[in-house]
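We name chains A, B, ... by the order of the sequence lines, and we start the count at 1 in each one. All figures in this text were calculated on a predicted structure; none of them were measured in a lab.
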There are 2 protein chains.
Amino acid sequence: MKKNTSILLAEDDLNLGQLLQTFLKSKGFDVSLAQNGKTALERFHEGSFDFCIFDVMMPEMDGFTLAKEIREIDKQTPILFLTAKAMKEDKLEGFSLGADDYLTKPFAMEELLARINAILRRVDTSDEEEDGSRMIGSIKYEPELRLLHLKEETKKLTTKENQLLTLLVKNQNDILDRQAALRAIWGDDNYFNGRSMDVYIAKLRKALKGDESIEIMNVHGKGFKLIVKDSE
Amino acid sequence: MKKNTSILLAEDDLNLGQLLQTFLKSKGFDVSLAQNGKTALERFHEGSFDFCIFDVMMPEMDGFTLAKEIREIDKQTPILFLTAKAMKEDKLEGFSLGADDYLTKPFAMEELLARINAILRRVDTSDEEEDGSRMIGSIKYEPELRLLHLKEETKKLTTKENQLLTLLVKNQNDILDRQAALRAIWGDDNYFNGRSMDVYIAKLRKALKGDESIEIMNVHGKGFKLIVKDSE
DNA sequence: TTTGCCCGTTAAAAAACGTTAAGCCCAGAT
DNA sequence: ATCTGGGCTTAACGTTTTTTAACGGGCAAA
């Protein structure tokens, strides 16, 4: 069963926000609407989205800062900015932050849709399955359902376990920076959150012990690295 | 099992960066994307890459400086530069720094791919195995997994041990400059880091003691040299 | 050959990480 | 309102990794 592509929409103007949400839903997307950057960031780290649409000017946290935070731990997910003014500097800053596209208000709904589809067509080459699941070695992982399908049993992950594993998987074979991960999941990288994270690393190691080819390696003082040795 | 050739891509424009990453991944490469020269350098020293693609103009540290730093301790790994302008001086400077090729934006993806493959075909004369491991005398060394397979047991190396041994191996039978190694691993070549390095040299000598034909020789005031006497 | 710096080695101290378990908090059930 | 269980944090203790210290020997230049 193919799942809908899910969109995180951050727009402080509730009027416009709901309009967009309704429109996109009617086109078959799952849309989560946040009214400011801060809640959008939390939503992003909690859930699992295939696409982001951020208004540039928002209270609490503007769209650019939001994008910057997200890019620390996720360099993949496409981001499209909405802005009221057609300022060139904004545009440039946006692109340097990893924006995939840019739309100036007011815009036609159909144009937004066209751009979303164009970007999705272009970037959709991840090793993610149609239903949103992916394989870690021989273990099937469903981030949305927080499920880990081992050979024998199926484990249910908690929120934090799931968030951490998602980050590790996004950075598979590459280093997941300690501080970045802490800020992403705990919001703050103090001592105690650090120890908490270590506890969760231990939990994940235990959970993934079913497959010997999987290893969560520590890089002293830097972070962790999820390694899947290619089995012959 | 053959492992993918891994590419370190340094490109500050995340838009182009992701595009390239996605494209190269689809062609079977492992691609690590860094957004500036400084993180690219750290990434290089921590990981183990077969190929480098550097944008010339980047914040924090430009592509040329990055290449210069890397060439201090690695004269092998191919480097290809990307530049916005077709300046002849840039080109010359690039080649004098040990660039293997040069590409001016905008360029066609397929051209990039062709050049990468051409270079890899040309320079692929290392004694590295298909799976990324290599032999040091009679000892099998897997840098990615930080493993040293002795006759009897298998030793796990720590982050620092692994980084240092990687540098020594890259400069096998050639001198590894003390200061360069310190900057590469410790980021700074002060007195204490120097002593720390000496401690790690001692650890590695002990770890490699299993094979009498291996020697880490000191070159007074210069650095160290990994020597493997050819066993008859 | 003597002086100063550099290196070899071992040990102790400090920092980071691994693991287990106890305590806390909160939502849902009673 | 109280009980209960799951999830998260904090604590405590052990281990590993890295740094710093201390001391002795070696090398090279004057």
Side-chain angles (χ1 to χ4, degrees), chain A residues 42 45-46 145-148 155-168 175-209 214-227, chain B residues 42 45-46 146-148 154-168 175-209 214-227:
Chain A
E42 286 165 18
H45 287 136
E46 168 53 32
L145 301 174
R146 299 190 201 162
L147 291 179
L148 219 43
K155 281 203 176 102
K156 183 150 168 51
L157 299 177
T158 71
T159 309
K160 284 259 143 67
E161 287 168 350
N162 194 54
Q163 284 177 284
L164 187 52
L165 185 54
T166 299
L167 287 195
L168 285 167
I175 188 166
L176 170 63
D177 185 77
R178 237 187 124 80
Q179 320 236 45
L182 281 169
R183 279 202 303 281
I185 300 178
W186 279 267
D188 183 17
D189 64 346
N190 63 34
Y191 172 79
F192 287 111
N193 288 338
R195 299 322 326 277
S196 199
M197 175 159 138
D198 289 334
V199 171
Y200 278 96
I201 288 287
K203 284 177 197 283
L204 288 179
R205 285 195 176 123
K206 198 175 290 180
L208 294 168
K209 207 158 50 189
I214 302 174
E215 184 186 351
I216 298 179
M217 173 189 279
N218 170 258
V219 182
H220 198 95
K222 297 271 182 182
F224 295 94
K225 199 191 264 191
L226 175 65
I227 294 180
Chain B
E42 284 169 19
H45 288 135
E46 165 52 29
R146 312 206 299 214
L147 291 178
L148 219 43
T154 287
K155 280 202 176 105
K156 264 206 264 300
L157 298 179
T158 71
T159 308
K160 284 257 144 68
E161 287 168 351
N162 193 54
Q163 285 178 284
L164 186 52
L165 185 53
T166 298
L167 286 195
L168 285 167
I175 189 164
L176 169 63
D177 184 76
R178 232 187 127 79
Q179 320 239 38
L182 281 168
R183 279 203 303 282
I185 300 178
W186 280 267
D188 182 17
D189 64 346
N190 64 34
Y191 172 77
F192 286 112
N193 288 336
R195 301 323 327 278
S196 200
M197 176 159 135
D198 290 333
V199 171
Y200 277 97
I201 288 287
K203 284 177 197 284
L204 287 180
R205 285 191 176 127
K206 199 175 291 180
L208 294 168
K209 208 156 51 189
I214 302 173
E215 185 188 352
I216 299 179
M217 169 191 280
N218 171 257
V219 183
H220 197 90
K222 299 278 182 185
F224 295 94
K225 197 191 272 193
L226 175 65
I227 295 177

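- Phosphate proximity of D:dT18 to B:T159: present, with a side-chain N or O under 4.0 Å from OP1 or OP2.
- Under a cut-off of 6.0 angstrom, the local environment of NZ in A:K206 is sparse, with at most 12 non-hydrogen atoms contributed by other residues, nucleotides or ligands.
- An OP1 or OP2 oxygen of D:dT16 is reached within less than 4.0 angstrom by no side-chain nitrogen or oxygen of B:T158.
- Rounded to an integer number of Å, the gap from NE2 of B:H220 to P of C:dG4 is 15 Å.
- When rounded to the nearest whole Å, the span between NZ of B:K225 and P of C:dC7 equals 15 Å.
- Distance OH (B:Y191) to P (C:dC7): 11 Å, rounded to an integer number of Å.
- Taking atom CE of B:M197 as the reference point, atom P of C:dC6 lies 13 Å away to the nearest angstrom.
- In this structure, the side chain of B:N193 engages the main chain of B:D188 through a donor-acceptor pair within 3.5 Å.
- Taking atom CZ of B:F192 as the reference point, atom C1' of C:dC6 lies 15 Å away to the nearest angstrom.
- Contact record, B:G223 with B:I175: N-CD1, 4.1 Å, taken as the closest heavy-atom pair.
- The one candidate from B:D189, B:N218, B:D198 that meets the side chain to side chain donor-acceptor pair (under 3.5 Å) condition with B:R178 is B:D198.
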Please write out the pairs of protein N or O atoms and N or O atoms of nucleotides 8-12 of chain C separated by less than 3.5 Å, giving the distance to one decimal.
unit_1 : atom_1 : unit_2 : atom_2 : d
C:dG8  : OP1    : B:R205 : NH1    : 3.1
C:dG8  : OP1    : B:R205 : NH2    : 3.0
C:dG8  : N7     : B:R195 : NH2    : 3.0
C:dG8  : O6     : B:R195 : NH1    : 3.1
C:dG8  : O6     : B:R195 : NH2    : 3.1

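- Residue B:Y200 contributes atom OH, which lies 14 Å from atom P of D:dT16 at whole-angstrom precision.
- Of the residues in residues 181-189 of chain A, A:W186 come within less than 4.0 Å of DNA chain D through at least one heavy atom, sorted by number.
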Q. For B:K156 and B:L147, what are the C-alpha separation, side-chain angles and deciding distance, and is it a side chain to side chain contact (heavy atoms under 4.5 Å, CB included)?
A. CA-CA 5 Å; B:K156 264 206 264 300; B:L147 291 178; 3.6 Å; yes

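- Atom-to-atom, NZ of B:K156 to P of C:dC17 comes out at 17 Å; the value is rounded to the nearest Å.
- Judged purely by atom type and a 3.5 angstrom limit, B:H45 has no side-chain atom pairing as donor or acceptor with the backbone of B:I185.
- To the nearest angstrom, C1' of C:dC7 lies 17 Å from NZ of B:K203.
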Q: Any chance you could lay out the side chain to side chain contact (heavy atoms under 4.5 Å, CB included) test for B:K203 and B:Y200, step after step, and finish with the verdict?
A: CA-CA 5 Å; B:K203 284 177 197 284; B:Y200 277 97; 3.7 Å; yes

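- Annotation for B:L148 and B:A207: closest pair CD2-CB, 4.3 Å, computed over non-hydrogen atoms.
- Looking at every heavy atom in both residues, B:R205 comes nearest to B:M217 through NH2-C, 4.4 Å.
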